[in-house]
Every structure is written in C-alpha cells, then in structure tokens.
There are 2 protein chains.
Amino acid sequence: MESSEDRLCRITNRLRENSYKLTPQRLAIARVLAESRDHPDIETIYNRIKPGFPRISLATVYRNVMVIKSMGEVMEIGIPGSGGRYEGNRLDPHPHAVCERCKTIIDLEPDGMTGLLESVQRETGFEITTHRLDFFGLCEKCRKDKKA
Amino acid sequence: MESSEDRLCRITNRLRENSYKLTPQRLAIARVLAESRDHPDIETIYNRIKPGFPRISLATVYRNVMVIKSMGEVMEIGIPGSGGRYEGNRLDPHPHAVCERCKTIIDLEPDGMTGLLESVQRETGFEITTHRLDFFGLCEKCRKDKKA
DNA sequence: ATACCTGCAAAGTATTTGCACGAAA
DNA sequence: TTTCGTGCAAATACTTTGCAGGTAT
C-alpha cells in the first residue's frame, strides 16, 4: 500500500494541478483522508481536525471532501442507514466487509474482479469506471455481544 | 424469476404472519414493489400509488417500505448522491450496473459469488448475511448524449 | 372493541448554499 | 490585487415522529 505521505503528496499535487489553493484547512482534511486506515464519515473527519483548527466548520469539511472526491482522490462508501464514509488511503476498488451493527468496515483484498468487469462491459454496453463489492453481516465481536 | 403475483402473495403472507394489518395503502405499496422491474425510490413509489390513492402521504410510503424491508422482502440499493432505491421483485443478491449520469440501474446475473462469499467468512470471521456488487459507469445512451 | 394505521404537520438529520470577511497566489 | 476559501447562518432535501381520527381484525 502507498504510504500516507505519498498519498498526501499526491493529493496536494492534484490540488495544485487543478488550481485549488492550498489552505491549511484543506491540507488538514487531505491529511486526515490520506492517513486514515479506517473509513471515517464527515463528522469523524471534522472531529479529527478540530483540535488543530477549533474554528473549522462542518461546511468546509463537506466542501473539501467533495473537492478531493471530484478529483478522484478519495472513494465514498455509502452504507444504508448512515451518512457517507470515506476512504482516502487507497484508490483501487476493493471489497469491504461491513458490520451492520457497529458499522465497522474492513478492507479485503481484491480478487479476480477484472474478468468479471470485462464481461459486464460486454453484456451491458456500459463504460464501467468503478465498482464496489461489499459484504454485510456481523463481525465477530458483535456476534458475541449479541449472545451476551 | 418469480412472477409479480407470487411476489405479492409472498409479501402479503409475510405481513399476515407478522400480524400487520392489510390496509389498502399497504397493499398498494407491496404491489408496486412486487411489480417494479426498475428500481424506484420512495418518491417514485409514491407517485405510482397516488392515482389510486390521491390522499396517501409520503410518510405512509416510508413507513411501509420500511416494514416490508424489515421482513426482508425488499432490498435497498443505496447509490451515492441520491436517496435509497428499492428492489422488490427479486430477493437474491445480484450485481447491478449503475449509470452515474441518469441513475438507471440494470440487473445483472449473479456469477460465482458463493466461493468468494465463503472465503470472506473464513478470512474475516464475519457472519455474512448479504452482499452487493455494483458497477458504476455510463450507460450507452449517456455515452452518446455526452458526445453530442 | 381493540389495536393498529393513516394523513397531516412538525421535528429531525444530513448536506448545501449565500454572504461578508480573510487569505493564498 | 485578484480570486478563491472560510465560517457562519440560513436553506434544502430527505426521512422520521407525534397526534387525532379512522379502519382492519
């Protein structure tokens, strides 16, 4: 996996390329995305930034995550019954295991998706840009907690 | 594929089993779900019912889709940047091709997912209840429209 | 008769937008 | 200096909830 620093560099380069100004808030948001090994939602990102920027607003976080997403440098993982979750440390589509109880998201390794992808393009006539493969269920911890 | 009538029967039976009253509005919502070959959102369901029930409220549609979903008789397809979409005519998880421009959703046939599923359970310790595999891109029509 | 449902309006969430001031280039 | 970005507050969109009257069983 690319290092957090590499990811951050890449994001800031893309911001420059696209003539976005490198404000401290924007950089802080990019850093949180690049460094996160979990899959934070907007509010979590906001809370991680607040210690360094006590006056930052939620709107700024929304705006900048959207900017970075529009450049394709962060992926949104939408899970039913909760706001968007974001993954900025890797950009290749890969499967997730989502716990429906505690909302934990675990990254899985991609598996022969390419063959599948080609056959979908052929069958549907779609030009496929990305995909998602997510498994839903209960993680080990929640299985135990439920019994107790 | 199960016929719409079979699907509707199954849903009404499950409603009875769970002691839900069979109100005309509830039945109308179940029928729309059972008959839809597309993937309507709440408002679309509402609009399809309105001709027969001009005074039905959006809240009733929300409530009943939720009831039917809680019995596992309709699947929710969440796509980023739009409200929930619902699929009531088939219950087996299967892949979709989603057009990011016009939001059309096309059903695909499931493909050797079971092997993949087992290895995920083994690797993560999750108890997997369902999954989703969705491909995003541009449908043929939107590809042409974009060029024009 | 009873418990559940409905429509309406109000309240919640989550997210976006208008604006005046401030900061990056 | 110019253009863009920020924080704030208001607006929007989507969904849920409280309630009084109505309906299925």
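Just so you know, these numbers use all the heavy atoms, side chains as well, and skip hydrogens, waters and symmetry mates. In the text below, chain A, chain B and the rest are named by the order of the sequence lines, each starting its count at 1.
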Using a heavy-atom cut-off of under 4.0 Å over every strand shown, decide if [X] touches base, sugar-phosphate, or nothing.
X: B:L22; answer: sugar-phosphate
X: B:R63; answer: base
X: A:I56; answer: sugar-phosphate

Heavy-atom closest pair (B:M71 atom, B:R14 atom, distance to 0.1 Å) is O-NH1, 3.2 Å
Under the criterion side-chain hydrogen bond (donor to acceptor under 3.5 Å, both in side chains), I'd like the reasoning laid out for A:T44 against A:N47: C-alpha separation, chi angles, the key distance, then a yes or no. CA-CA 5 Å; A:T44 303; A:N47 287 326; 5.6 Å; no
Would you mind telling me which residue lines up with the more 5' stretch of DNA chain D, B:I42 or A:V61, judged by nearest nucleotide?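 Nearest nucleotide further toward 5': that of A:V61.
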Toward the 5' end of DNA chain D, by each residue's nearest nucleotide, B:M66 or B:R16: B:M66
Using OP1 and OP2 only, check whether a side-chain N or O of A:Q25 sits under 4.0 Å from C:dA23.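 It does not, given that no N or O in the side chain of A:Q25 lies less than 4.0 Å from OP1 or OP2 of C:dA23.
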Nearest to the side chain of B:R26, heavy atoms from C-beta on, is which of C:dG7, C:dA24, C:dT6?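 Among the listed nucleotides, the one closest to the side chain of B:R26 is C:dT6.
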From C-beta outward on A:Y62, which listed nucleotide comes closest to its side chain: C:dC8, C:dA24, C:dA14? C:dA14
Is A:E109 salt-bridged to A:R90, going by a charged N under 4.0 Å from an acidic O?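 Answer for the salt bridge query: yes.
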Salt bridge flag under 4.0 Å for residues B:R7 and B:E35: no
First contact, last contact: which nucleotides of DNA chain D are these for chain A, 5' to 3', heavy-atom distance under 4.0 Å?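 On DNA chain D, the outermost contacted nucleotides are D:dT3 to D:dC8.
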Spacing between A:E43 atom CD and C:dT15 atom P, to the nearest angstrom: 9 Å
When rounded to whole Å, the OH to C1' distance for the pair A:Y20 and C:dA23 reads 18 Å
Let me have the donor-acceptor pairs involving side chains of residues 95-106 of chain A, under 3.5 Å, with sequence neighbours excluded, atom names and distances please.
from   : atom 1 : to     : atom 2 : distance (Å)
A:H96  : ND1    : A:D134 : OD1    : 3.0
A:H96  : NE2    : A:E87  : OE1    : 3.0
A:H96  : NE2    : A:H94  : NE2    : 3.3
A:H96  : NE2    : A:D107 : OD1    : 3.3
A:E100 : OE1    : B:T129 : OG1    : 3.2
A:K103 : NZ     : A:E100 : O      : 3.3

Cluster link B:F135 to A:L108, ILVMFWY, side chain under 4.5 Å: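 Both belong to a single hydrophobic cluster.
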No-H, no-angle donor-acceptor pair, B:K21 side chain to C:dA3 base, under 3.5 Å: yes
Can you give the donor-acceptor pairs under 3.5 Å from side chains of residues 74-81 of chain A to other protein atoms, not counting sequence neighbours?
from  : atom 1 : to    : atom 2 : distance (Å)
A:E76 : OE1    : A:K69 : NZ     : 2.6

